Amino acid sequence: MSLEVALRHKLGAFALDIAFSSPGGLTALFGPSGSGKTSVIDMIGGLMRPESGRISTDGRVLVDTATDTFLPAHKRRIGYVFQDARLFPHLTVRQNLTYGRRFVAGAERYGDFDETVALLGIGHLLDRRPAKLSGGEKQRIAIGRALIASPRLILMDEPLASLDDARKAEIVPFIERLRDEARVPIVYVSHSVAEVARLASDIVVLDRGRVSAAGPARDILAGLDLLPGAAGDEGGSRLLLNFARLDAQSGLSLFQSPAGNWHLPPSAHRPGDRVTVFVKASDILLATKPLEGISALNVFSGRVTALRPTRAHEILVDLDCNGDLLTARITRHSAERLGLFEGMAVQAIVKTVRLKES
Amino acid sequence: MSLEVALRHKLGAFALDIAFSSPGGLTALFGPSGSGKTSVIDMIGGLMRPESGRISTDGRVLVDTATDTFLPAHKRRIGYVFQDARLFPHLTVRQNLTYGRRFVAGAERYGDFDETVALLGIGHLLDRRPAKLSGGEKQRIAIGRALIASPRLILMDEPLASLDDARKAEIVPFIERLRDEARVPIVYVSHSVAEVARLASDIVVLDRGRVSAAGPARDILAGLDLLPGAAGDEGGSRLLLNFARLDAQSGLSLFQSPAGNWHLPPSAHRPGDRVTVFVKASDILLATKPLEGISALNVFSGRVTALRPTRAHEILVDLDCNGDLLTARITRHSAERLGLFEGMAVQAIVKTVRLKES
Amino acid sequence: EPVTVFAAASLKNALDAINESWSQEEGRTATISYAGSSALARQIEEGAPADLFISADLDWMAYLSERALIDTQSERRLLGNRIVLVAPADATTELSIAPGFDLAGALGDGRLAMANVDAVPAGRYGKAALETLGVWDSVADKVAQAENVRAALQLVALGEAPLGIVYQTDATAEPDVRVVGTFPEDSHDPIVYPAALTTGGANTDAAAFLDYLQGGAARAIFEEQGFTVLAGD
Amino acid sequence: MEWLQLSPDEWTAVRLSIWVASWATAASLPFGILVAYALARWSFPGKAFLNGLVHLPLILPPVVTGYLLLLAFGRRGPLGQFFETVFGLVFSFRWTGAALAGAVMAFPLMVRAIRLSIEAVDPRLEQAAGTLGAPPAFIFATVTLPLALPGIIAGTILAFAKAMGEFGATITFVSNIPGQTQTLPSAIYTFTQVPGGDAGAMRLTLIAVAVAMAALVASEILARRVLRRMEGA
Amino acid sequence: MEWLQLSPDEWTAVRLSIWVASWATAASLPFGILVAYALARWSFPGKAFLNGLVHLPLILPPVVTGYLLLLAFGRRGPLGQFFETVFGLVFSFRWTGAALAGAVMAFPLMVRAIRLSIEAVDPRLEQAAGTLGAPPAFIFATVTLPLALPGIIAGTILAFAKAMGEFGATITFVSNIPGQTQTLPSAIYTFTQVPGGDAGAMRLTLIAVAVAMAALVASEILARRVLRRMEGA
Ligand SMILES: Nc1ncnc2c1ncn2[C@@H]1O[C@H](COP(=O)(O)OP(=O)(O)OP(=O)(O)O)[C@@H](O)[C@H]1O
Ligand SMILES: Nc1ncnc2c1ncn2[C@@H]1O[C@H](COP(=O)(O)OP(=O)(O)OP(=O)(O)O)[C@@H](O)[C@H]1O
Ligand SMILES: [Mg+2]
Ligand SMILES: [Mg+2]
């Protein structure tokens, strides 16, 4: 389930020179507008031919300019969700959705029609044609069309950009399931760090046609400064939690990790289930002594392992809470006021309502 | 600078029945995918003719089906940023940008070409044609094209959806300036509560073709439950602050409001400047007694004015901090643990890094 | 001012040569517009700037004379022609044209190429001759009617049709066909090319050209092309 | 309205014309689509030549086209012999030949219209179909073709109308045999060549116009329906 | 190559043909665009009728079209008199008439091609131009027209090629007067009507083909350049 990409290509004045490999899971391509994200997945998808380079999945070579290999798009079994939906205007929504299905042997099908339709909330549109659908409706159908074709590699180009938060919140878990259960590698282009943080197992950061950072999501998200511009605001840490129980009294889900006990919004799990949470660095409040009478339910004792200055007025504080590694972002002013130093014992405090499972 | 809209229209099985008025400024149309947002601004822009209804700005009637009035699009002086960019493929970027300029008398021009181009970061694209631009590049040009035409009413349909956070952060202040300085009313469609919260002076919430809530942004954002679905996560309060000084030592901007002193990321202001900040309900931590040794710099004393249960496990806590009204969202469990009641004195705590001017 | 002549297209070779010698001898020229007689007649009717009309048959001349568009004084029967039965040059068909001759048998399942038998003069003459000889009914179903007599000739020359009826003038000039026989002159109306000045024509040289056409130089050229010269001094 | 009544021969010509034009259109449509697609989407050596060849019948005088057809597809022509021995298909003096002539003459119009509408199909939709696993032929049949349908309909009907009106090449190639190759235009032509034939020509012209108009209107309605379907609901 | 040498008259015919076809195309282009736009984007009573009228020359035998033109635009025809008195424009038996005939015959081809490409222009781009303040005529000139340019080029060249090749209507309407109305196809026709004219016909045909092909190739290159410009850089 791996993907290896190495590409060089010139597009007018724009030069693309990219190499990364992904061990499977969901690889996010992240970078500012015009950095080459769409071009890269066009080449993975077989819509563009790189001037030189090689792309392979699980040893299957899709392109290799050295041996003049070029597998045409329709033999790649990719599901491509385009930045513009590109629905077939002459077909009904239903026909659009099932278009790719016939090319997949029954045994290899995994994108169930009814389930996908229900999830995307497009059941009432099945007999319409795309022209007069709203922007978000089109995009949902484009997602469905790619998934129902049960591809072996999924390419998604900002699939959620035109969806409202509620709809996003419904679809994101679906993409997670796809990543985890169907074991289909996904290459996911997004501007949204929140999405990337939640979904990505690996992140490739592009900048003006080059890879400026690449690696497991955990590392990239923690190395916040690597993310360009305002995206840094969204960085944080990802932790693995064990489900303990649904607390009858508070109505909250209780989890455990080396750091201690976690309170999260309610969710259906069985004891022992493991989930990940993403804790935004800017959501962590630090305190130098135990606090009382505060509304926040998640308080962990830890030790400062590093102080990393970031923008002019801010600083990143790496914490080790009994083995769980967290990063907090606070003002330098606060850090000075609190007299933080490496090795100092502190409390990390997070509000329950700011936490979400992923 | 007002806009009055009252419309009824049927689109297949979808029925639109909308009425709202806006006193000018930026009116956000907010609602889930397929709720009719694009249809409404199409009618304001003159691209669709409502079956019945009336639209007027400042008393100038754009449509009135009762008197069979219909001002064609090109006489409305609107700037429409479409959900799909709709650039002219045969014209260069420069020609696209200046297309509407010739129809505006010199005296009425306000959208400066060079400034707009610089702001949108599209200077290097001016001589290219749209076909091979990236998605975000196209959208930036579409924004520029509408603004350079110096319209008297701006319609924007998810203008920032395909832009990365860094670019968004650059463009948002520009839209704010437009709203505040050029005094051009803007109707702004967006899914993003963060954007709406920052930009909107008024909000109209649409749901399945009807207005489910409408009014000044302050009221709508505070009445979080009115916002559909997950959008509620993004609700909060807006406050007016007076700039005091840039603190040399901490590097932070200091502001004042009735509630007390605020620390915000550094910014260029003159003493006495007034800015608004949007404080997300989920960013406020409550404490029943004064705290010490915490990293958060903004701590305000206030009184609970109302406790409003929202989703199963959460509660909204309205606070009056010496006249400033804030709303916090915490778990019910915390509220019970802290024994909150109406009239109780509490501390509201917000991290500086979670605050942004708007 | 050159004289404008409207002439049947089949006269092109002869008239071009005569025009050249006329201009060499007299220093005057004619501009000649060649087309089908029907088109030319209709154009004269609609006010075409023709000074002289030379038709391939009498009917279209009569059509104009009824409408007083030609100077009947000047009308004369200029040329005559014969119709012949032709076969491809490499064919061995032997047939003598006589009343009741076995044309149908000679055709076998082939076609008899003729110009349009209702509309085109060569076709009409051919049909009349076959009727006179009493064989029309037996071959009527086997006739392939071409747009004009040249096209009929072409069908025979290419071997598409084993036999065809065309003008002698065409047949003698075409190496790919062989004349099988000539139709008796009394088996059809006389084949006549009439000429006349138009009433609308103002060019005084037109009469001179008409005269020249009947002169010795013209006669030699016409006869070289296979025409019978009917009018002359 | 009595003068509108048709003789049996004329009825035959009307029926034959429709038959011939229908075959000409139907049989050339697949080739038309293929050639249009090749011209629109491929680049290959000789493309300019192919394009020129397709347009040739438009440029050449129809009589020349007919003559070339005669040379190639006649009884002794190389292609004519090929089709006769291989497929048992004879063109000369048959309605099949008339259909061939109509098809050749109409081909440039058909190809142009189809090519324009194939060029207007967004290639990114074809790409999208490719990523869904569809092989090129399937993409062509399910994406390109349906999206080009309005142009294909336009091209087909244009070709039909042209084939209905075709005359010069047809009569040169297969002559004018009532009941077999005498199409409506040939019959009209015959009338125009004789004095007094105007009424007959007018009558048949009206019929030709009526038939072609009916086809045109039908195509408009069809194309609009196709378009409306694509625009949504 | 000696047989390829042209006589002065033939040179005149070549020049005249190009001149006439250029005028026919240029003068009908604005009307072609207007009619195509009306058919593509408006709905009005009589639209089907207009559409039929435009296609009429395609359906009618050219001889009939030519005859109708003669009746309407001849010296005595109502339209002919109108144009003469109002604009001082005379068609009958002038090159202007040949241009008119060519334009009429080529009009359906021109309109079809332009219409198809106007229909392919995304109306949402026109809407976008409207929101920027552009009045309809400006939108048409700056958005619709440039986007339809490939089709307009195709239609124009198609019309030019057709006008170059037009013969039946031209010779019927304005006759075949050397130096005035004798176009290349008329000259070719004349050659086919006399024995021994084949070489001459062939020679002129090659020239006609060469000119039209040059135009076609030029249009292809032009259209491709326009398309490439739109695709980007
Ligand atoms: N011509 C039509 N016929 C039938 N239904 C239509 C038509 N036009 C629009 N609709 C429907 O009307 C609804 C509103 O569409 P609209 O584009 O206004 O939504 P929107 O709020 O802009 O959505 P999005 O956020 O996804 O862009 C959609 O459900 C759409 O499918
Ligand atoms: N054919 C071309 N000629 C010249 N430049 C090109 C061409 N195609 C793409 N580009 C440029 O290459 C760059 C990368 O484009 P790409 O679409 O891959 O960006 P992206 O990262 O997907 O951006 P976005 O987030 O805005 O969609 C852009 O600056 C674009 O303008
Ligand atoms: Mg992109
Ligand atoms: Mg919309």
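Note that the structure is predicted; figures quoted are calculated from it, not measured. So you know, we letter chains A, B, ... as the sequences are listed, proteins then strands, and number each from 1.
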Side-chain contact, heavy-atom cut-off 4.5 Å: E/L147 with B/F88? no
Which distance, rounded to the nearest 0.5 Å, do you find between the CG of B/L153 and the OG1 of E/T131? 11.0 Å
Region of B/A146 that comes under 4.5 Å of a non-hydrogen atom in chain E: backbone
Heavy atom to heavy atom, less than 4.5 Å: which residues from residues 96-103 of chain B reach chain E? B/Y99, B/G100, B/R102, B/F103
Rounded to the nearest 0.5 Å, what separates atom OG1 in E/T142 from atom CG in B/L91? 7.0 Å
Roughly how far, to the nearest 0.5 Å, is CD of E/Q127 from OH of B/Y80? 8.5 Å
Closest contact, heavy atoms only, E/L125 versus B/L87: CD2-O, 3.3 Å
Highest number of heavy-atom pairs under 4.5 Å with chain B: which of E/G130, E/P146, E/A134? E/A134
Is the shortest side-chain N to carboxylate O distance from E/R124 to B/D84 below 4.0 Å? yes
Applying a criterion of heavy atom separation less than 4.5 Å, what residues of residues 60-79 of chain B form contacts with chain E? B/A73, B/H74, B/I78
